[in-house]
Amino acid sequence: MKISLKWLNEFVDLKDLTPVQVADALTARGFEVEDFSRQDKGFEKVVVGQIVQKLKHPEADRLSLCTVNPKGLDAESSEFLEIVCGAQNMKVGDKVPLALPGAQLPNGAKIEKGKIRGVVSNGMLCSEQELGLKDTSDGLLIFPQDTPVGWAVADVLGLDDTLFTLKLTANRGDGLSHRGIARELAAHFGRKLIPMRIQDLSGAAQATIAVSTDVGEDAPQFFGVEIRGVKVGPSPGWLRRRLDSIGSRSINNVVDVSNLLMFELGFPVHIYDRDRLQGDRIYVAKSVLGESLKLLDESTVRLTGEELVIKDSSGTIGLAGVMGGASTEVRSDTKNVFLECAEFNPTLVRRAAFRFQKRSEASLRFEKGIDAGGLREAISRLSELVVKVCGGEVTGVTQIVTPWRNAAAEGRLRRMTASLSKVNAILGMAVDRPKTEEILSGLGFKVSGTGDLLSLEIPSYRLDIDHDQDIAEEIARSLGYDAIPSTIPALTSAPALRHGQVFARRQEMLERTKDVFASLGMRETMSFAFASDAAIRATGVDPEVKIQNPMSQDQAWMVPSLLPGLLAAYSVNDRHHFGSEPLSVRLFELRPVFLSDDQSQTKVREPWHLSFLLSGFAEQTTLKTAEREIDFYDVKAAVESWIERLGLRGVRLRPIRDLSAADQVRFHPGQVMEIVAGKERVGAFGRIHPKLQKEITKRQTPIFWGEWNMESVIKLWSSGVESFQSWSSFPTMERDFSLLVGHHISADQITQVLFKAGKPLVQQVRFFDRYTGPGLAEGQSSVSVRVIFGQNQRSLEESEVETASVKIIDGLKKDLGLTLRA
Amino acid sequence: MMIKTELERLADQALQAIQNANALEDLEAVRVSYLGKKSGFTEIMKSLGQIDPSERPAVGQLANQLKAKIDQELTQKKNDLEAVALSAQLKAQALDVTLPSRRPHGGSLHPITTTVRRVNAILGRLGFEVTTGPEVETEFLNFEAVNIPKDHPARDMQDTFFMGPGIVLRSQTSPVQMRAMQSQPWPVRILCPGAVYRCDSDATHSPMFHQIEGLWVDRQVSMADLKGTLDFLAKELFGSQVKIRLRPSYFPFVEPGAEVDVSCMLCGGKNPTCPVCKGTGWLEILGAGIVHPRLFEIAGYNPKDVSGFAFGMGVERIAMLLHGIPDLRLMFHGDQRFLAQFTGVFRGSE
């Protein structure tokens with residue numbers, strides 16, 4: 001909201017203060033000044049010049065060459081300036097804004113002496129747009145003939161104000177007016193508000209139309225004034241300038257007056273064409289479902305039965321608190337008007353404004369709550385302004401104040417009690433009673449009571465006050481938050497035990513997982529948790545959780561897997577990778593995914609997933625001879641390292657027998673494994689299916705991906721504290737076996753036989769070579785495996801190992817049909 | 001005498017041969033031919049018994065002397081040749097150590113992770129414990145329970161994503177505070193980091209971002225305690241020279257409320273054209289205040305017994321200030337040119 005310093009001065013004398021002092025005071029009191037500037041900023045070196053000669057530019061048909069008197073009566077012709085000008089609307093004798101070299105205009109343009117199409121121009125003649133006075137303009141600004149030549153344009157235009165842009169908090173509806181802000185400043189600087197002298201309407205006759213309310217508490221007050229003989233037309237200059245200065249556009253004198261009142265006192269009001277009102281009563285009612293109403297802005301809304309509306313005998317004529325109707329609008333031929341100043345239920349106004357997307361300065365003020373004690377004064381002030389600006393005279397008044405509002409004595413008698421010691425405890429400092437009373441009185445509270453008890457009468461405009469902590473805030477912001485000391489809160493009990501605590505353990509497990517993947521040479525990334533339907537489906541899974549009001553369809557579905565995000569990140573890196581080397585992408589992410597779940601209160605389940613994506617060289621690039629692209633076994637190593645480093649017992653990797661539909665889309669069928677925690681499959685890793693890869697990139701270097709649900713894994717994680725295991729001090733023996741193996745037999749199967757047949761001597765099995773090619777039949781390979789034999793309590797005899805080896809060879813033959821390679 | 005002469009001749013020949021040897025094999029051949037079992041020297045020594053006993057001691061002594069001399073020369077020469085060979089080997093094995101290494105790929109943690117860890121570690125020293133909650137929340141916990149009723153103007157502060165009737169993507173981490181209070185008796189000392197969502201997107205707003213909220217509830221907790229805690233946090237994060245400033249503000253879940261600025265860590269307010277603070281000397285980093293009694297009522301605590309402070313900060317904002325990151329959107333692109341700059345401190349969660 002924009003606040004004018006000149007306007008503030010009508011309510012509290014701030015003339016001895018600099019704008020900086022005022023801005024600092026406002027910020028310190030919770031009315032944050034985002035920005036402030038003098039109106040004449042950009043008008044230095046801009047003066048009124050008179051055109052004494054106008055010629056065609058010798059080189060350009062569309063330009064003129066003007067000779068301008070920049071100084072007024074005593075100027076010598078030698079001081080006249082030649083100015084090149086592109087505008088068409090000026091003639092000799094016109095008085096126009098002249099920006100001299102060195103000026104920097106409000107629109108940012110710097111004015112220098114320079115040649116334009118070969119002719120020297122000693123400045124610039126300006127339009128209103130160039131001076132930042134209007135968004136568009138057609139030609140130069142031409143001043144009235146009696147404007148003195150040589151004067152500063154800022155003075156001529158009356159640009160001597162300072163405007164503050166305030167960021168108002170949602171709880172301070174009372175700050176939405178100049179008087180409200182002035183009240184705060186008066187309290188801050190210990191000054192008195194200048195009282196407004198407003199004409200008393202109590203002697204006026206009864207209006208020819210009555211007001212009433214059918215909705216009780218939803219419209220507790222309604223004041224009306226009838227004025228006859230107004231003349232609708234443009235507003236006088238002072239009014240236009242005032243509205244202009246705070247960024248409100250002038251419409252006509254009637255509309256402008258109601259806006260002026262709103263920005264002055266904070267009350268949204270409405271003015272009807274009296275002669276278009278039907279019957280002898282207008283009243284507030286609930287709308288009827290399905291009825292439609294044409295509003296002032298020419299739009300038609302279909303009402304729902306929820307809104308407050310204004311009615312006369314013809315039907316609905318306005319959307320209460322939001323916008324008036326077209327049928328009773330003040331037009332250029334309007335002679336008689338009816339003024340409305342009412343109080344409406346903030347929630348109903350807010351809902352209606354949202355429903356029809358008609359939020360406005362007026363609805364905003366109703367939403368935040370207007371000063372229920374100030375309506376009478378507001379309508380009197382409005383009447384006075386209408387008569388002053390638009391002419392006519394007050395011919396009648398009407399009002400309704402519901403018993404409910406009367407009971408609350410128009411809001412003026414809101415009372416509460418607070419405890420001085422509680423207020424001090426909240427602040428953490430001692431403020432004595434006299435100081436507290438002084439501060440509260442300055443803010444318009446009436447304070448009584450003794451000792452610890454503060455009996456308070458709350459000003460009717462302060463809707464945000466109702467308990468001790470609100471009073472503490474009033475004290476704190478008046479003394480300044482800087483006055484509050486700094487202390488460290490005391491630990492009144494031992495810190496929470498983390499040992500054995502499920503949540504702490506879970507957090508540690510997740511953070512350690514991040515550390516492991518980072519130490520494995522991957523970079524943690526964070527993707528948006530939402531993606532498009534198509535991006536999710538492309539990875540073979542159906543999205544499950546939808547956002548009802550997404551920013552765009554690209555962000556409409558919560559991700560059921562982290563793959564879409566990682567593939568998008570792959571593409572980001574793909575786009576800026578140049579040169580002949582393969583693109584290296586090494587990313588991981590750890591966060592929840594979103595799955596639908598009818599058992600959950602929110603219908604959503606959020607298991608945390610770990611996901612990684614790998615592609616490119618196995619090591620940071622080295623010499624060509626050592627270069628190697630990542631393959632499946634590098635990826636398997638990463639998963640195994642994670643299991644090893646976290647000491648995860650019961651997490652195993654195994655081949656997948658039947659790929660699920662989703663995995664058939666995502667994984668290369670021959671390079672994939674699943675991860676099993678206990679008995680539950682939690683995820684898989686492997687090479688991205690070449691078809692899916694082709695949709696992502698033109699690059700051939702294989703992409704690998706792994707993802708699993710961490711929840712079951714977390715449960716298997718013991719503690720991270722390793723238990724010591726003793727080892728055997730007896731030597732081991734080893735035997736190597738070279739086997740002819742058909743491709744349908746896996747290393748896992750062979751391992752199982754080796755352990756079973758060589759029991760109990762076999763301690764370790766290590767595959768160390770695999771050969772396929774010339775010398776071997778199609779579909780066969782030669783696999784070499786080393787078996788380590790040992791016993792924990794004694795040395796082995798050579799003969800035992802021989803016996804075990806024979807059993808192993810027999811077992812391999814019997815169980816798998818394998819023979820030693822000759 | 002003939003024997004003596006013969007010995008001396010052999011010795012001269014041997015010494016000459018040793019000198020001429022250029023390789024260890026040659027030297028070994030010299031040793032074998034002059035001192036080996038079939039060498040002239042050995043033959044002479046074997047025939048020593050046949051000579052005049054009176055001459056025997058002198059010849060024996062001479063033979064031993066010459067043999068020792070040859071041994072010594074052999075050893076010396078052997079050492080020399082080995083040194084030459086070793087140096088040739090070392091020379092041959094010399095590498096261009098400036099060629100690239102076979103370095104494993106570097107890994108890193110996201111600046112949001114490291115920033116959350118920093119804050120957790122700093123405030124953990126004061127007694128705060130980390131807790132988290134779901135990202136899809138009930139509208140009640142996200143709003144009503146933290147004193148933002150339906151149709152309250154404060155709802156304008158946050159444009160919220162809706163998932164279904166009464167279900168939202170949490171727009172703040174405050175529901176975690178309420179969940180924590182509802183599930184445990186006071187005192188409560190918690191930090192709630194996590195992703196939050198609002199319908200907003202430009203250079204300074206992202207539809208998904210991260211917050212850390214802190215909550216301390218105990219018998220008598222004050223604004224002064226809040227100030228001390230935040231001052232400690234700011235100094236540990238940005239350096240002991242920074243100061244904090246509290247300005248009155250409004251958040252529905254606290255009263256009194258404050259916005260908290262930290263003095264500019266770059267210019268300290270001395271540079272009117274400072275790119276970080278834009279010459280104001282202050283940077284807004286978080287919102288805070290004294291917990292509204294309404295929250296205690298909802299949590300089932302008696303507002304007469306307890307008080308508390310709460311604060312909330314945008315993690316991205318802190319990370320951008322710490323690292324000088326110019327654009328929020330860089331955080332969520334997965335661009336490795338960005339991620340590779342934050343090699344992270346691989347410490348545990350605390």
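Small disclaimer: the values here were computed from a predicted structure and weren't measured. Residue numbers begin at 1 in each chain, while the letters A, B, ... track the order of the sequences.
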Chemist: Return yes if some donor-acceptor pair links the side-chain N/O of A/Glu606 with the main-chain N/O of B/Val136 below 3.5 Å, else return no.
Modeler: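 Answer holds: yes.
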Chemist: Any heavy-atom pair between the side chains of B/Leu339 and A/Leu587 that's under 4.5 Å?
Modeler: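 Side chain of A/Leu587 against side chain of B/Leu339, heavy atoms only: contact under 4.5 Å found.
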Chemist: Side chain, backbone, both or neither: which part of B/Ala195 has a heavy atom under 4.5 Å from chain A?
Modeler: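 The side chain, not the backbone.
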Chemist: Measure distances from B/Leu169 to the heavy atoms of chain A and classify the residue's part below 4.5 Å as side chain, backbone, both or neither.
Modeler: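 Interface part for B/Leu169: side chain.
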Chemist: Do any N or O atoms from the side chain of A/Glu473 and from the backbone of B/Glu255 form a donor-acceptor pair under 3.5 angstrom?
Modeler: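 No, A/Glu473 side chain to B/Glu255 backbone: no donor-acceptor pair under 3.5 Å.
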Chemist: Please look at A/Pro346 and chain B and tell me whether the side chain, the backbone, both or neither of the residue comes under 4.5 angstrom of a heavy atom of that chain.
Modeler: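 It is neither, since no heavy atom gets under 4.5 Å.
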Chemist: With a 4.5 angstrom heavy-atom cut-off, which part of B/Met208 approaches chain A: side chain, backbone, both or neither?
Modeler: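 B/Met208 touches chain A through backbone and side-chain heavy atoms alike.
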Chemist: Could you note down all residue pairs passing side chain to side chain donor-acceptor pair (under 3.5 Å) where residues 484-494 of chain A supplies at least one of them, sequence neighbours left out?
Modeler: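 As it turns out, the side chain to side chain donor-acceptor pair (under 3.5 Å) pairs with a partner in residues 484-494 of chain A, which skip direct neighbours, are A/Thr487-B/Asp225, A/Thr492-B/Asp218, A/Ser493-B/Arg189.
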Chemist: Looking only at atom types and distance, does a side-chain atom of B/Arg117 sit under 3.5 Å from a main-chain N or O of A/Glu511, one as donor and one as acceptor?
Modeler: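 Present.
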Chemist: Within the distance-only criterion (no hydrogens, no angle test), does the side chain of B/Gln336 pair as donor or acceptor with the backbone N or O of A/Arg586 below 3.5 angstrom?
Modeler: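 Checked: pair present.
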Chemist: Go through the atoms of B/Glu259 and report whether side chain, backbone, both or neither lie under 4.5 Å from a heavy atom of chain A.
Modeler: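 The side chain, not the backbone.
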Chemist: Side chain, backbone, both or neither: which part of B/Pro303 has a non-hydrogen atom closer than 4.5 Å to chain A?
Modeler: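 Only the backbone of B/Pro303 comes within 4.5 Å of chain A.
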Chemist: Of the non-hydrogen atoms in A/Lys514 and B/Leu109, which two are nearest, and what is the gap between them?
Modeler: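 That closest heavy-atom pairing would be O-CD2, 3.8 Å.
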Chemist: Determine the minimum heavy-atom distance between A/Ile484 and B/Lys227, stating which atoms define it.
Modeler: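 Minimum heavy-atom separation between A/Ile484 and B/Lys227: O-NZ, 2.6 Å.
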Chemist: Quick one: does B/Pro256's side chain get under 4.5 Å of A/Ile426's, heavy atoms only?
Modeler: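 Yes. Closest side-chain heavy atoms under 4.5 Å.
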Chemist: Quick check: does any side chain N or O of A/Asn171 sit under 3.5 Å from a backbone N or O of B/Tyr250, one acting as donor and the other as acceptor?
Modeler: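 Not confirmed, A/Asn171 side chain does not pair with B/Tyr250 backbone.
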Chemist: Please state whether the side chain, the backbone, both or neither of B/Val291 comes within less than 4.5 Å of a heavy atom of chain A.
Modeler: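 The backbone, not the side chain.
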Chemist: Looking at A/Phe617, is its backbone amide N or carbonyl O close enough to the side chain of B/His105 to form a donor-acceptor pair, meaning the two atoms are under 3.5 Å apart?
Modeler: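 A pair under 3.5 Å: yes.
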Chemist: Taking side chain as everything from C-beta outward and backbone as N, CA, C, O, which of these in B/Leu99 sits under 4.5 Å from a heavy atom of chain A? Side chain, backbone, both or neither.
Modeler: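 For B/Leu99, the contact with chain A is made by the side chain alone.
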Chemist: Give, as side chain, backbone, both or neither, the part of B/Thr280 having an atom under 4.5 angstrom from any heavy atom of chain A.
Modeler: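 The answer is neither part of B/Thr280.
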Chemist: Go through B/Pro248, B/Pro134, B/Gly289, B/Gly228 and name the one with the most non-hydrogen pairs under 4.5 angstrom from chain A.
Modeler: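 Looking at each of B/Pro248, B/Pro134, B/Gly289, B/Gly228 in turn, B/Pro248 comes out on top.
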Chemist: Measuring heavy-atom distances to chain A, does B/His292 have an atom under 4.5 Å in its side chain, in its backbone, in both, or in neither?
Modeler: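 Looking at B/His292, backbone and side chain both touch chain A.
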Chemist: About how many Å separate CG of B/Asp159 and CG of A/Asn549, when rounded to the nearest 0.5 Å?
Modeler: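 The CG atom of A/Asn549 sits 9.0 Å away from the CG atom of B/Asp159.
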Chemist: Under 4.5 Å, counting heavy-atom pairs only, tell me which of A/Thr169, A/Asn573, A/Val604, A/Thr525 racks up the most with chain B.
Modeler: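 Greatest number of close heavy-atom pairs with chain B: A/Asn573.
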Chemist: Tell me whether B/Arg247 is salt-bridged to A/Glu32, with the criterion being a basic N under 4.0 Å from an acidic carboxylate O.
Modeler: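 Answer for the salt bridge query: yes.
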Chemist: Quick check on B/Tyr197 against chain A: is it the side chain, the backbone, both or neither that has a heavy atom closer than 4.5 Å?
Modeler: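 B/Tyr197 touches chain A through side-chain heavy atoms alone.
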Chemist: Quick one: do A/Arg575 and B/Asp335 make a salt bridge, cutoff under 4.0 Å?
Modeler: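 Answer for the salt bridge query: no.
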Chemist: Do NZ/NE/NH1/NH2 and the carboxylate oxygens of A/Arg351 and B/Asp151 come within less than 4.0 Å?
Modeler: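 Yes, this pair counts.
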Chemist: Would a distance-only check, ignoring hydrogens and angles, find a side-chain to backbone donor-acceptor pair under 3.5 Å from B/Gln220 to A/Gly428?
Modeler: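 Not at all, since once roles are kept as given, no pair shorter than 3.5 Å links the two residues.
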Chemist: Tell me, for B/Pro187 versus chain A, whether the close heavy atoms (under 4.5 Å) come from the side chain, the backbone, both or neither.
Modeler: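 Just the side chain, heavy atoms under 4.5 Å.
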Chemist: What part of B/Glu139 gets within 4.5 angstrom of chain A, counting heavy atoms only: side chain, backbone, both, or neither?
Modeler: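 For B/Glu139, no heavy atom lies under 4.5 Å from chain A.
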Chemist: Got a sec, which residues hit side-chain hydrogen bond (donor to acceptor under 3.5 Å, both in side chains) with A/Ser478, two or more places apart in sequence or on another chain?
Modeler: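 Listed in chain order: A/Arg29.
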Chemist: Once rounded to the nearest 0.5 Å, what's the spacing between atom CD of A/Gln555 and atom OG of B/Ser201?
Modeler: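 Rounded to the nearest 0.5 Å, the CD-OG separation comes to 6.5 Å.
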Chemist: With only heavy atoms counted, which part of B/Pro293 is less than 4.5 Å from chain A, the side chain, the backbone, both or neither?
Modeler: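 For B/Pro293, backbone and side chain are both near chain A.
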